[in-house]
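First comes the structure, then the notes that go with it.
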Amino acid sequence: MKPRHHLYLDDALTEQLDRLGGKPGTSKSAIVADALRAYLDRRAASELDALFKVRLDRMSRQLGRIERDQKILLESLALFVRYQLTVTAPLPEADKTAQAVGRERFQRFVDQVGRQLASGRQTLGAEDLEGGEGAR
């Protein structure tokens, strides 16, 4: 047995409920129950949205800073590479020793980057990137 409720509705709403409830396979109780359930579900969803809004806003700001920092790093690297390629004279084809030294240095550089990434250490700390006291 379901609990009984006494509700007061205005005339226009009562007329609409009577019209909908008069169709075969429907009842006024089912219509009111469905409408109340939908209203309460939306309200609960709004409360969850309010709870997550602050966290999502914070995450959006953090992602924005990460994107900005990434653009700065990529632009810095691109400018450095352009400068290095513009200023450094190419090695003559005949100087195989210098080319071998260059390849060896590059391989050591790649290995060092791999070790740094694998260990989780940073060459530049966060304070260096933000221009703190430890900035170089």
Side-chain angles (χ1 to χ4, degrees):
M1 174 106 177
K2 296 180 183 178
R4 183 179 184 103
H5 299 275
H6 298 282
L7 304 170
Y8 297 98
L9 304 173
D10 62 38
D11 292 335
L13 198 52
T14 300
E15 185 180 311
Q16 286 181 317
L17 184 60
D18 287 342
R19 195 174 1 155
L20 288 173
K23 293 181 181 180
T26 61
S27 70
K28 292 179 186 179
S29 293
I31 293 169
V32 171
D34 288 345
L36 185 57
R37 188 173 296 111
Y39 172 78
L40 293 174
D41 287 347
R42 276 195 319 271
R43 186 171 176 203
S46 295
E47 290 174 6
L48 281 176
D49 287 346
L51 290 173
F52 287 124
K53 183 182 183 318
V54 173
R55 183 174 291 162
L56 290 172
D57 286 346
R58 186 178 332 119
M59 290 172 67
S60 292
R61 285 191 305 274
Q62 288 172 337
L63 286 173
R65 284 192 299 269
I66 290 170
E67 183 179 3
R68 180 202 66 210
D69 291 349
Q70 182 184 24
K71 286 179 181 178
I72 291 170
L73 288 172
L74 287 174
E75 185 63 23
S76 298
L77 177 62
L79 287 172
F80 174 76
V81 168
R82 179 192 289 167
Y83 174 79
Q84 197 65 21
L85 292 175
T86 303
V87 171
T88 307
L91 293 173
E93 285 295 321
D95 197 352
K96 300 294 183 193
T97 305
Q99 291 176 353
V101 169
R103 281 192 294 278
E104 181 183 327
R105 286 180 179 171
F106 179 74
Q107 188 57 49
R108 282 196 312 241
F109 169 76
V110 170
D111 292 344
Q112 179 63 29
V113 169
R115 282 192 300 274
Q116 290 289 108
L117 291 174
S119 72
R121 293 184 313 224
Q122 293 180 337
T123 301
L124 292 177
E127 66 276 354
D128 294 334
L129 294 175
E130 294 171 0
E133 289 181 23
R136 296 173 207 192

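When reading the values below, keep in mind they use all heavy atoms of this one structure, side chains included, and skip hydrogens, waters and symmetry mates.
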Gap separating the CZ atom of Phe109 from the CZ atom of Phe106, nearest 0.5 angstrom: 7.0 Å
Same cluster (ILVMFWY, side-chain, under 4.5 Å), Leu77 and Leu85: yes
Distance, nearest 0.5 Å, that separates NZ of Lys71 from CG of Leu73: 13.0 Å
Carboxylate-amine/guanidinium proximity below 4.0 Å for Arg108 and Asp111: no
Point-to-point distance, once rounded to the nearest 0.5 Å, from CG of Asp41 to CZ of Arg43: 12.0 Å
Spacing of OG belonging to Ser27 relative to CG belonging to Leu17, to within rounding of 0.5 Å: 9.0 Å
Option among Lys53, Arg61, Arg55 that satisfies the side-chain hydrogen bond (donor to acceptor under 3.5 Å, both in side chains) test with Asp57: Lys53
Atom pair CD1/CD of Ile72 and Glu67 - distance to nearest 0.5 Å: 11.0 Å
Side chains of Arg115 and Gln112, donor plus acceptor under 3.5 Å: yes
Val54: hydrophobic cluster co-members (side-chain, 4.5 Å): none
NZ on Lys28 to CG on Leu9, rounded to 0.5 Å: 9.5 Å
No-hydrogen, no-angle side-chain donor-acceptor test under 3.5 Å, Asp95 and Gln99: no
Sub-4.5 Å side-chain heavy-atom contact between Asp11 and Glu15: no
ILVMFWY network linking Leu7 to Leu13, side-chain heavy atoms under 4.5 angstrom: yes
Ser119 (side chain) donor-acceptor with Gln116 (main chain) under 3.5 angstrom: yes
Main-chain N/O of Ile31 paired with Thr26 side-chain donor or acceptor, under 3.5 Å: no
